[in-house]
Number of protein chains: 2
Amino acid sequence: MYTISEISQLTETTAHTIRYYEKEGLLFPTRTAGGVRRYDESQLTWLRFVLRLRATHMPIDQIREYVELFLASSETHDTSLERLRLLEAHQQNVRQQLAELIRTEQMITEKIAVYQQLHPTVKETI
Amino acid sequence: MYTISEISQLTETTAHTIRYYEKEGLLFPTRTAGGVRRYDESQLTWLRFVLRLRATHMPIDQIREYVELFLASSETHDTSLERLRLLEAHQQNVRQQLAELIRTEQMITEKIAVYQQLHPTVKETI
DNA sequence: CTACAAGTTAGAGTTGACTCTAAGTCAAGC
DNA sequence: GCTTGACTTAGAGTCAACTCTAACTTGTAG
């Protein structure tokens with residue numbers, strides 16, 4: 001069981017942000033008798049996944065929706081298909097970002113080549 | 001020579017945003033006698049480049065810096081090396097985003113595979 | 001016990017990038 | 001000349017995602 005500062009270091013995220021994610025309904029650590037947050041391995045793994053989704057620009061609202069579906073799932077009402085749909089939607093999104101990045105990387109590389117012809121040999125200056 | 005609504009359509013960007021970019025020092029169209037903006041091919045090409053940089057999360061401040069270096073360049077003071085450095089920095093950035101997207105794409109694909117095992121055949125329902 | 005570092009809260013503030021509004025001015029067809 | 005739709009401006013408003021503050025409480029090492 002980790003404290004917030006431990007999780008904060010392990011994920012390179014501020015404690016402020018981690019509390020904010022909890023307020024937004026993305027995390028739900030247990031608490032000590034005194035009310036101090038404690039995180040287990042599964043919450044750490046989940047936070048790491050959330051950070052991945054955020055790094056690829058999935059909005060917090062959509063992540064919350066995924067969480068809510070997960071929590072709402074039961075024997076009488078299975079939400080895994082809806083969660084699958086959310087993941088597929090984000091996957092599409094990620095692929096579009098990839099396409100845009102690849103095109104832009106090429107464009108920048110071309111422009112850099114033009115500049116480098118102007119400065120043929122910027123060699124190591126000691 | 002294009003009007004603002006024409007380049008707005010050509011680039012799928014609102015006229016609001018195009019004026020905002022001008023206010024931020026990224027664009028400088030000519031004006032008619034009456035003060036109406038007119039854009040030539042070079043400004044259109046440049047706007048398209050700017051939109052690429054934005055789509056890959058280059059901050060407006062940095063794009064402005066690039067513009068300012070370009071405008072400041074003269075025979076006595078060549079700024080092309082500094083511009084090259086800015087481009088290289090963003091290229092690094094784009095490559096990091098690419099790496100993150102690729103990793104995340106894989107993660108999502110794996111998770112999707114798990115969900116699809118739960119729903120082996122969601123076949124066409126009519 | 002006590003000191004004090006680390007944790008807690010509600011809520012305010014910040015940042016970057018738009019996005020919109022209102023009150024006008026310009027331009028093109030009739 | 002007149003109408004009407006597109007254009008102009010300064011500046012206010014919005015939004016997502018943090019980021020910080022202040023006043024207070026908890027946990028732990030000595």
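Each chain gets a letter, A, B and so on, in the order its sequence line appears, and its residues count up from 1.
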Given dC7(D), dC18(C), dA17(D), identify the nucleotide with an atom nearest to the side chain of Pro59(A). dA17(D)

Along DNA chain D (nearest heavy atom to each residue), the more 5'-positioned of Tyr20(A) and Arg38(A): Tyr20(A)

Which of the following nucleotides, dT8(D), dA17(D), dG7(C), is nearest to the side chain of Ile60(A)? dA17(D)

OP1 or OP2 of dA17(C) sitting under 4.0 Å from any side-chain N/O of Arg64(B)? no

Send over the distance from His57(A) NE2 to dG16(C) P, rounded to a whole Å. 15 Å

To the nearest Å, how far apart are Glu6(A) CD and dG27(D) C1'? 13 Å

Scan Thr14(B) against the nucleic acid and name what it touches under 4.0 Å (heavy atoms): base, sugar-phosphate only, or nothing. nothing

Backbone of Thr17(A) reached by a side-chain donor or acceptor of Thr14(A) within 3.5 Å: yes

Report yes if a side-chain nitrogen or oxygen of Arg37(B) is closer than 4.0 Å to either non-bridging phosphate oxygen (OP1 or OP2) of dT8(D); otherwise report no. yes

With side chains defined as the heavy atoms from C-beta onward, is the minimum distance between Ser8(B) and Thr13(B) less than 4.5 Å? no

Tyr21(A) OH to dT19(D) C1', in whole Å, measures 12 Å

Common cluster, Tyr21(B)/Val36(B), ILVMFWY with side-chain heavy-atom separation under 4.5 Å: no

Do Gln91(B) and Thr109(A) meet the criterion of a side-chain donor-acceptor pair at a distance under 3.5 Å? yes

To the nearest angstrom, how far is Met1(A) atom CE from dG7(C) atom C1'? 16 Å

Using the closest heavy atom to pick a nucleotide of DNA chain D for each, name whichever of His16(A) or Thr32(A) lands nearer the 5' end. His16(A)

Rounded to whole Å, how long is the line connecting atom CG of Leu47(A) with atom P of dC18(D)? 11 Å

Rounded to whole Å, OH of Tyr39(B) lies from C1' of dT8(D) at a distance of 11 Å

Quickly work out the Lys23(A) NZ to dA16(D) P distance and round it to whole Å. 15 Å

Taking only side-chain N and O atoms of Thr17(A), does any of them lie within less than 4.0 angstrom of OP1 or OP2 on dA17(D)? no

Can you tell me the distance, in whole Å, between the CE atom of Met58(B) and the P atom of dA17(C)? 11 Å

How are the rings of Tyr66(A) and Tyr115(B) set to each other: parallel, tilted or perpendicular (split at 30° and 60°)? perpendicular

Which of these nucleotides, dT8(C), dG7(C), dC7(D), is closest to any side-chain atom of Ser5(B)? dC7(D)

Using OP1 and OP2 only, check whether a side-chain N or O of Arg19(B) sits under 4.0 Å from dA6(D). no

